[in-house]
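Below is one structure, written out as structure tokens, with a few remarks after it.
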Protein chains: 2
Amino acid sequence: MVDRGRYEELARQLSVIGAVKRGMARALPQDCPPGSAIVLTVLDRHGAMRMSRLAELLAIDMSVTSRHVAHVAERGWIERSPDPADKRSRILRLTPAGEERLEHMSERYVETLAHFLGDWSDDEVDQLCVLLARLRDSFGDCRAQSVRLPHPPTVSPATPLTSTTRTSG
Amino acid sequence: MVDRGRYEELARQLSVIGAVKRGMARALPQDCPPGSAIVLTVLDRHGAMRMSRLAELLAIDMSVTSRHVAHVAERGWIERSPDPADKRSRILRLTPAGEERLEHMSERYVETLAHFLGDWSDDEVDQLCVLLARLRDSFGDCRAQSVRLPHPPTVSPATPLTSTTRTSG
DNA sequence: TATTGTTATACTCTATAACTATA
DNA sequence: TATAGTTATAGAGTATAACAATA
């Protein structure tokens with residue numbers, strides 16, 4: 001068990017890391033806000049999937065995911081084909097235009113990191129990647145509705161422990 | 001110089017780490033949104049300071065900092081005493097009530113981390129803290145107005161390189 | 001009746017611009 | 001004239017709740 005001081009330090013570091021994320025976001029093309037960027041990134045990384053799966057991977061509510069997806073679909077960066085197994089669902093898939101967009105985006109990200117992280121070694125970047133991946137993994141699906149935190153903010157007494165993707169009943 | 005693939009991987013990891021930050025934010029007391037929490041944290045960590053310094057440490061515009069500060073000041077968690085050296089400024093300082101609030105907040109953060117990071121070792125937490133601190137440091141003051149990024153989004157041709165805290169002239 | 005996904009509404013954070021007071 | 005800070009307004013992200021279509 002890690003001691004309290006270490007956790008406090010980690011909490012501080014996580015609080016301040018938002019500045020880095022904003023710095024990265026500024027490098028994005030104008031028609032591609034962070035919400036679109038992450039949808040394209042995850043679809044490229046994990047392949048075609050349904051809304052609910054995407055929402056789970058992003059750890060955001062499906063209502064929010066729906067808006068992000070609508071935005072990139074309007075621009076032709078993904079296609080939504082009917083799911084033969086379930087007519088309520090559609091399969092999300094990156095289009096060639098989306099891949100192109102992602103490539104452009106990726107170039108800007110890389111340039112930005114090269115700009116700020118010029119003096120980092122390969123090993124340091126690798127280490128940070130590994131630890132961030134592990135951190136994300138440890139948190140798992142930590143969305144409001146799907147997990148019981150130690151201190152449920154406003155939740156009424158006995159909330160069921162279901163691991164659904166929904167926002168309400 | 002780090003190669004492109006490593007930077008791409010880091011960019012992906014940073015994109016997805018927002019889920020962790022949201023998970024942490026959910027642990028905060030209801031009357032203490034993340035913006036307030038970070039102000040209290042930084043004032044505790046770095047001691048009393050002026051608005052402009054706080055904005056620089058948070059890497060957000062002073063207009064935003066001003067609102068966060070107003071919020072915590074209204075609740076009596078910080079005090080704003082006149083700066084004898086410059087009548088335009090005030091010195092921000094944590095009050096005993098603010099320290100108490102911070103302690104409460106910190107407990108919740110620690111519980112949340114203990115909940116999700118139960119199987120991490122001391123060394124792993126330390127390593128992540130060190131790398132995050134270094135990352136934040138490498139980005140420095142990366143606010144919109146204060147730094148030239150490789151791809152200035154909408155900025156007109158010759159923007160001066162001044163490192164000010166301002167939002168407009 | 002339960003689940004997938006969409007839409008409407010509200011809240012938080014951030015940035016830009018205009019403004020006041022002081023240097 | 002320039003700087004410290006405040007406020008008004010707008011844009012993006014997210015959560016909750018209500019809804020439609022399908023399982």
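If you're wondering where the values come from, they're calculated on a predicted model, not measured in any experiment. Throughout, protein chains are lettered first and strands after them, A, B, ... in sequence-line order, and every chain is numbered starting at 1.
Look at R80(B) and you'll find a side-chain N or O under 4.0 angstrom from OP1 or OP2 of dT6(D). Phosphate proximity of dT14(D) to R67(A): absent, as no side-chain N or O sits under 4.0 Å from OP1 or OP2. One finds no side-chain N or O of S63(B) lying less than 4.0 angstrom from the OP1 or OP2 phosphate oxygen of dT7(D). When the side-chain nitrogen and oxygen atoms of R22(B) are compared with OP1 and OP2 of dT12(C), none of them lie within a distance under 4.0 Å. Put simply, R143(A) has no side-chain N or O that comes within less than 4.0 Å of OP1 or OP2 on dT14(D).
Partners of E99(A) according to the salt bridge (Lys or Arg N to Asp or Glu O under 4.0 Å) rule, which considers only residues two or more places apart in sequence or in another chain, do not exist here.
For the pair V69(A) and K87(B), nearest-nucleotide mapping onto DNA chain C gives the more 5' position to V69(A). DNA chain D is contacted by both P33(A) and S89(B); S89(B) maps to the nucleotide lying nearer its 5′ end (nearest heavy atom per residue). Sequence order on DNA chain C of the closest nucleotides to R88(A) and S36(B) puts R88(A) first from the 5' end. Sequence order on DNA chain D of the closest nucleotides to H68(A) and D86(A) puts H68(A) first from the 5' end.
Which of dT14(D), dT6(D), dT14(C) sits closest to the side chain of R26(A) comes down to dT14(C). Residue S66(A) has its side chain nearest to dT6(C) when only dA15(C), dT6(C), dA21(D) are considered.
Between R45(A) and E9(B), at least one side-chain N (NZ, or NE/NH1/NH2) sits under 4.0 Å from a carboxylate O, which counts as a salt bridge. One finds no salt bridge joining D61(B) and R67(B) here, because no Lys/Arg side-chain nitrogen approaches an Asp/Glu carboxylate oxygen to under 4.0 Å.
Within the 4.5 Å cutoff, the side chain of T41(A) has no heavy atoms near those of the V16(B) side chain.
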